[in-house]
Each structure stands twice: as structure tokens, then as C-alpha cells.
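To find a chain, count down the sequence lines: A is the first, B the second, and so on, and within it residues start at 1.
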Amino acid sequence: MTEGIERTPLTRDFFDRSVLEVAPDLLGRTLVRTTEAGPVEVRLTEVEAYAGEIDPGSHAFRGRTQRNHAMFGPPGHAYVYFTYGMWHCLNLVCGPEGRASGVLLRAGAIEAGAEWARERRLTARNDNELAKGPARLATALGIDRTLNGEDVVAGPSGPLSVLHGTPLPRDQVRSGPRTGVGGDGAHQPWRFWIDGDPTVSPYRAHAPRRRTT
DNA sequence: GGGAGGATGCCCT
DNA sequence: GGGCATCCTCCCG
């Protein structure tokens, strides 16, 4: 049982950088969610960068609103949103403060507390599917809007924190277009994932929804 | 394994 | 009232 740097939290400075630096650097890091049920740990395998008010794909593109205000706050905090009437997704706010940039956590591998994750993700056919997709990741970790604005670098005793995890060789990082982003933001290669990892979610290009009667 | 379509509620215009 | 940084089921191969 080695107590090395792997188990120490990331610092505020880690997040106080450009989102395009932070996003790939989050791969391989450990996200810890602590509830009364027990802690669940996930090793991040897929993320997407959202560059705030200059990014047509970002929730902050049209400025500050009641929903997205957490993105405009200091880096190292959570931005949790509710979507499609059913799902939550988790972002980590990056610097500098006021730019409203953030990283969407899209997928990961459950490394501890899998029994709690399985209880929340009854439709998962195997453990690779527990956190394969942003809403699945949030569900597996029991994340909802009560965590919006939560400090994730305050320390491992909080409800949500990010640890150093295992360093990832740079040549294992791949990048490509973001999933589900259309319009002017569609072609930016701001999705990052670990090459060949079985927990990375399938890529789906943005498709406009057809009208339903 | 993959494409189509429905679910479902909140936010913003 | 339209659209959503999605997921699940059904159906086809």
C-alpha cells in the first residue's frame, strides 16, 4: 500500500490554465465521489474541452445565465447541468476565472466502489459500461445539481475531488471532434481520449432532431 | 454492432 | 415553444 503522489489532490493551479491544456492532462486522473453509501473512484479516459464565451458549442456562448453561472467562477469547481429531462453531466471549470471554460467528463473506468456504481447503473451490461458516456459517468457516481459549484480541489474529504492518479504517457492521448456538437464548433478536435481504452464512449456526430408530432 | 425513435423536464428566447 | 454537451429499447443484419 504505497501512499504516493497518486493519492494527493490536484491543485487549484492545475485547473487555472487554458482548457486545452487541462483537458488532455485530466486523462488518467482519479475522480473520487464520496457519499453515505461509500466512495466511488473513476479513472478518467475521455473528456471534452469547452472554451467558454468564444465557443459556439459551450453553454457559456451566450453569456452568463442562471444555469451556467458556475462556469464563470474560479477554476477547480464543478459545473453540473441537467439535460434531456433525465440526465446530469459533470464539468470541471478551468482558468482563467471569468472565461467560463470547462472540461466535460465523458467516460472513465471505475477503479473502486464498483458495487455502488453497479447499484446506480442497473442497465450496464458489464463494468466497462458503468461510466461509458457523460450521463452514465454522472449516474455511476451519484452526481446531481446539488454538486453544482462544488470545490473539487479542497481535499479528499469532500464530496467530490480529483487526485493525481497514474501519470499517462503522452503518446496514449488521442484527439478528435467533439461528440454531439454541431454548428461552428463541430470541427474543433477538442475531444480527448485514451487510445484503445474499452471505456471510451462511441463517437456520434451531431444530428439535428426531427420534429415529432 | 448499429441505426431509428422515443423518453422527459428544464432553460432560454 | 424549441432545443438540448444523452441514453435506452427495439429491430435489423
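Going from atom CG of Asn148(A) over to atom P of dC10(B) covers 15 Å, rounded to whole Å. If you measure from atom OH of Tyr79(A) to atom C1' of dA5(C), you get 9 Å, rounded to the nearest angstrom. The nearest whole Å value for the distance from the CZ atom in Phe61(A) to the C1' atom in dC4(C) is 16 Å. Taking atom CG of residue Asn68(A) and atom P of nucleotide dC10(B), one finds them 18 Å apart after rounding to whole Å. One interatomic measurement links the two molecules: CG of Leu104(A) to C1' of dT6(C), which rounds to 11 Å at whole-angstrom precision. With rounding to whole Å, Ile143(A) atom CD1 is found 14 Å from dC7(C) atom P. Residue Tyr203(A) contributes atom OH, which lies 16 Å from atom C1' of dG3(B) at whole-angstrom precision. Rounded to a whole Å, the CD atom of Glu129(A) is 17 Å from the P atom of dT6(C).
One N or O on the side chain of Arg12(A) and one on the backbone of Pro75(A) form a donor-acceptor pair closer than 3.5 Å.
When heavy atoms are screened at a 4.0 angstrom cut-off, Arg204(A) is found touching no nucleic acid atom at all. Across all strands, Arg125(A) comes closer than 4.0 Å to no nucleic acid atom at all (heavy-atom distances). Within the 4.0 angstrom heavy-atom criterion, only backbone atoms of the sugar-phosphate kind lie near Arg136(A); the bases stay farther away. Among the heavy atoms of the strands lying under 4.0 Å from Gly133(A) are primed sugar atoms or P, OP1, OP2 only; no base atom is included.
For the segment residues 92-102 of chain A, no residue has any heavy atom less than 4.0 angstrom from an atom of DNA chain C. If you check residues 186-197 of chain A against DNA chain C, you find no residue with a heavy atom closer than 4.0 Å.
Checking dA5(C), dC8(C), dC12(B) against every side-chain atom of Arg121(A), the shortest atom distance belongs to dC8(C). Closest to the side chain of His59(A), out of dA7(B), dC12(B), dA5(C), is dA5(C). Side-chain proximity of Trp87(A) to the nucleotides dA7(B), dT6(C), dA5(C) is greatest for dT6(C). In this structure, of dC11(B), dT6(C), dA5(C), it is dT6(C) that holds the atom nearest to the side chain of Ala135(A).
Around the CG atom of Asp184(A), the shell of radius 6.0 Å holds no more than 12 heavy atoms that belong to other residues, nucleotides or ligands. For Arg121(A), the CZ atom counts as densely surrounded, since its 6.0 Å shell holds more than 12 non-hydrogen atoms of other residues, nucleotides or ligands.
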*Could you spell out the base pairing of DNA chain B in dot-bracket, with Watson-Crick or G-U pairs whose two distances are under 3.5 Å, [ ] crossing and | to another strand?*
|||||||.||||.
*asked:* side chain to side chain contact (heavy atoms under 4.5 Å, CB included) for His69(A) and Asn148(A)? Distances and angles first, verdict last.
replied: CA-CA 10 Å; His69(A) 73 274; Asn148(A) 191 35; 4.1 Å; yes
*Could you give me the CA-CA distance, side-chain angles and deciding distance for Val32(A) and Val40(A), then say whether side chain to side chain contact (heavy atoms under 4.5 Å, CB included) is met?*
CA-CA 6 Å; Val32(A) 184; Val40(A) 175; over 6 Å; no
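A cation-pi arrangement is absent between Arg118(A) and Trp116(A) under the rule of less than 6.0 angstrom and at most 45 degrees off the ring axis.
If you find the closest nucleotide of DNA chain B to Thr83(A) and to Arg62(A), the one lying nearer the 5' end belongs to Thr83(A). Comparing Met86(A) and Arg145(A) against DNA chain B, the residue whose closest nucleotide sits nearer the 5' end is Met86(A). Nearest-nucleotide positions on DNA chain C for Thr123(A) and Gly180(A) put Gly180(A) closer to the 5' end.
Evaluated for a side-chain contact (heavy atoms from CB on, under 4.5 Å) with Phe15(A), the options Val93(A), Leu10(A), Asp25(A) yield exactly one hit, Leu10(A).
Ring planes of His88(A) and Phe82(A): tilted class, angle from 30 to 60°.
A salt bridge links Asp55(A) with Arg178(A): the closest approach of a Lys/Arg side-chain nitrogen to an acidic carboxylate oxygen falls below 4.0 angstrom. Between Glu41(A) and Arg7(A) there is a salt bridge, since at least one side-chain N of the basic residue sits less than 4.0 Å from a carboxylate O of the acidic one. Looking at Arg136(A) and Glu129(A), no side-chain N of the basic residue comes within less than 4.0 Å of a carboxylate O on the acidic one, giving no salt bridge. Ion pairing between a basic and an acidic side chain is recognised when a charged N comes within 4.0 Å of a carboxylate O; Asp13(A) and Arg17(A) show no such pairing.
With contacts defined as side-chain heavy-atom distances shorter than 4.5 Å, the pair Phe192(A)/Glu48(A) does not qualify.
For dA7(B), its base never sits under 3.5 Å from the side chain of Tyr84(A) at any donor and acceptor pair.
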